[in-house]
There are 2 protein chains.
Amino acid sequence: MTDAKPTTTAASAGGVESVDRALSIVGCFQAGDHALSLTEIAARTGLYKSTILRLTVSLERAGYLVRHQDKSYRLGPELMRLGGLYQRSLRLEDHVRPVLRQLMRESGESASFFRREGAWRICAFREDSTQAIRDHVHEGDRLPLDRGAAGHVLTRFAGQGSAADFAALPLLSFGERESETGAAAVPVFSQRDGLVGALTLSGPLTRFTGERVAVMAPLLLAAGSRLSETLGGHYPDQASQSA
Amino acid sequence: MTDAKPTTTAASAGGVESVDRALSIVGCFQAGDHALSLTEIAARTGLYKSTILRLTVSLERAGYLVRHQDKSYRLGPELMRLGGLYQRSLRLEDHVRPVLRQLMRESGESASFFRREGAWRICAFREDSTQAIRDHVHEGDRLPLDRGAAGHVLTRFAGQGSAADFAALPLLSFGERESETGAAAVPVFSQRDGLVGALTLSGPLTRFTGERVAVMAPLLLAAGSRLSETLGGHYPDQASQSA
DNA sequence: AACACAGTTCTATCTAACAGAACTTTTGCG
DNA sequence: CGCAAAAGTTCTGTTAGATAGAACTGTGTT
């Protein structure tokens, strides 16, 4: 008997219990894991090894897991393929990526585009700064919505945002999610969906001084406004002039 | 009643049938799909709508699918997170990405790193050419192993490769997978795993003339050799000198 | 050689999952 | 606006599938 068990069940919340279990196997892999043994998966998921062995046959067949000769399990390539499908299904990359590259070039800091998904924000696109010291977020990472400049943007502009909201842009954070990271963010709108995401510059606190933020702010506002217009949305006129 | 049914079953091949079904729902999304209706998913998977409704509760809970207010289903952000975990679990990016960038800069063509997974090759890392005309492959894409320069490398060097194999590098293809795409590829070895992948330059046939390939060949060979050494593997001495 | 641990196989039991009918809601057309 | 078609949702009897967990096999260490 292993000690921890998945806490949600199909019986109590709908769904199919064996699917929940299978996905909990995939979900128990963490950053830094190269491979996991059967015993380690059992410890992390609370499932019996015999149950895991049966579930993993389906996961392997679908390409979500790969089993190697040393009996260890690794995440499979189908996840990367589907992750790319997800990213491209947003139909934003062709518009967002060039803007992120330009923002990164002009500001020297990492530029990201976050989307809201439920109670989280997802880093959908990212261009890392070329500087050696920078914050580390990866495309696909899921971060809390209630912390960080991008989180505040995604919360505050969920409605269209008032003139006062726009006047406050870019929204800033200092060490909210990670103690040594600063960030500045602005909203991005589209015609179809309203608020589609937050454009963000981030980096170490030491490079988020008043002077540096004053340099970044007009870059971000201009980029957010331009990207919104590309997507059929727009900022109120005053918002882009108050920078 | 819908007409098509998943062809493999847990009963005949092991695994858990409802997990197979759930993953066939995720797997029915294709490039270009923004969202799918319940009816469309039923048509693509051959599952009853009532079955899909139950399975998708588990998929939504895990973040693999998102259901929107218009009742449509979209792929969910957890796929991108897991796809990034997979990519980083290879523990290659820090070594491979800089080499791809340099190869792309020096050659002007798209540079990719392919890995073998079963009977397929996966594009694990990619740096697109900045030229307007280029081939389109995305990180995560799964391509056939028996076609393309990278496929030939992954097949031919699965054993260590003979001196004759190395002398033939880089392996070339002209319009094997896509009729207008050319590619050149070399193997990459590591100490731990032997052949870990194929380093590839690719682009339109019109830019894969004899002269252009003569320019790319030494760049690729040097990059493949250097990357192998970084990973604790190596090319035989003659291989890198015959370029 | 003995022991501990990891991985694998087997099966009795029970309930979870399904098929598909019936129902409700939404959409599109005349 | 009314109607029909299509899409989405709920319900439930039946049974086959999935599990728990014991027993067994294989591997690594002392």
Side-chain angles (χ1 to χ4, degrees), chain A residues 1-26 28-29 33-62 64-74 192, chain B residues 1-29 33-62 64-74:
Chain A
M1 173 42 142
T2 50
D3 48 0
K5 276 190 162 300
T7 52
T8 58
T9 61
S12 65
V16 174
E17 185 157 14
S18 40
V19 176
D20 288 336
R21 289 174 166 185
L23 302 186
S24 78
I25 292 170
V26 178
C28 80
F29 282 76
D33 290 335
H34 176 53
L36 296 180
S37 65
L38 175 63
T39 299
E40 180 61 25
I41 292 175
R44 291 188 187 190
T45 60
L47 298 169
Y48 284 100
K49 291 175 181 172
S50 53
T51 301
I52 292 167
L53 282 166
R54 194 149 185 230
L55 292 165
T56 53
V57 170
S58 294
L59 292 168
E60 289 170 60
R61 181 156 56 225
Y64 286 54
L65 290 183
V66 174
R67 197 158 198 209
H68 286 251
Q69 278 184 326
D70 65 355
K71 309 304 177 68
S72 66
Y73 292 93
R74 303 178 197 184
R192 185 178 67 195
Chain B
M1 172 47 142
T2 51
D3 50 358
K5 273 189 163 301
T7 52
T8 57
T9 61
S12 66
V16 173
E17 186 157 13
S18 42
V19 177
D20 289 337
R21 289 173 166 191
L23 302 185
S24 77
I25 293 171
V26 179
C28 79
F29 282 78
D33 290 336
H34 177 52
L36 296 180
S37 66
L38 175 62
T39 300
E40 179 63 23
I41 290 174
R44 291 188 187 190
T45 61
L47 298 169
Y48 283 101
K49 291 175 182 174
S50 54
T51 299
I52 292 167
L53 280 167
R54 193 144 184 238
L55 292 165
T56 54
V57 169
S58 293
L59 293 168
E60 289 168 61
R61 182 155 57 225
Y64 286 54
L65 291 184
V66 175
R67 195 160 201 207
H68 285 253
Q69 278 183 328
D70 64 353
K71 309 304 179 67
S72 66
Y73 293 91
R74 305 178 196 184

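Atom set for the values below is all heavy atoms of this structure, side chains included, hydrogens, waters and symmetry mates excluded. Throughout, a chain's letter reflects where its sequence line sits, starting with A, and its residues are numbered from 1.
Nearest-nucleotide positions on DNA chain C for A:Leu38 and A:Val19 put A:Leu38 closer to the 5' end.
In this structure, B:Phe29 and B:Arg44 approach most closely via the heavy-atom pair CA-NH1, 4.2 Å. The two residues A:Gly14 and B:Val57 come nearest to each other via the heavy atoms C-CG1, 3.6 Å.
The CD1 atom of A:Ile25 sits 6.0 Å away from the OG1 atom of A:Thr56 when rounded to the nearest 0.5 Å. Distance check: A:Ser58 OG to B:Arg21 CZ gives 11.5 Å after rounding to the nearest 0.5 Å. Here A:Ile52 contributes atom CD1 and A:Cys28 contributes atom SG; the two are 8.0 Å apart, rounded to the nearest 0.5 Å.
Among the nucleotides C:dG20, C:dC18, C:dG7, the one closest to any side-chain atom of A:Lys49 is C:dG7. When each of C:dG7, C:dA16, D:dT19 is scored by its nearest atom to the side-chain atoms of A:Ser18, the top-ranked nucleotide is D:dT19. With distances taken from any side-chain atom of B:Thr51 to the nucleotides C:dA19, D:dT9, D:dA20, the minimum falls on C:dA19. For A:Arg54, the listed nucleotide lying nearest its side chain is D:dT19; candidates were D:dG8, C:dA17, D:dT19. Closest to the A:Ser50 side chain, of the nucleotides D:dA20, D:dG8, C:dG20, is D:dA20. Proximity note for A:Ser37 (side chain, C-beta onward) versus D:dA18, C:dA16, C:dG7: the nearest is C:dG7. Among C:dA19, D:dA20, D:dT10, the nucleotide with an atom closest to any side-chain atom of A:Arg21 is D:dA20. Among C:dA6, C:dT9, C:dA19, the nucleotide with an atom closest to any side-chain atom of B:Tyr48 is C:dA19.
When rounded to the nearest whole Å, the span between CD of B:Glu17 and P of D:dT19 equals 13 Å. Rounded to a whole Å, the CD1 atom of B:Ile25 is 13 Å from the C1' atom of C:dA17. Per the geometry, CZ belonging to B:Arg67 stands 14 Å off P belonging to D:dA7, to the nearest Å. Atoms CD (A:Gln69) and P (C:dA6) sit 21 Å apart, rounded to a whole Å. Residue B:Tyr73 contributes atom OH, which lies 14 Å from atom P of D:dA7 at whole-angstrom precision. Rounded to an integer number of Å, the gap from CG of B:Leu55 to P of C:dA17 is 9 Å. Atom C1' of nucleotide C:dC18 and atom CG of B:Leu47 are separated by 11 Å, given to the nearest angstrom. The separation between B:Leu53 atom CG and D:dT10 atom C1' is 9 Å, rounded to whole Å.
At D:dT9, one or more side-chain N or O atoms of B:Lys71 fall inside 4.0 Å of OP1 or OP2 (strictly under the cut-off).
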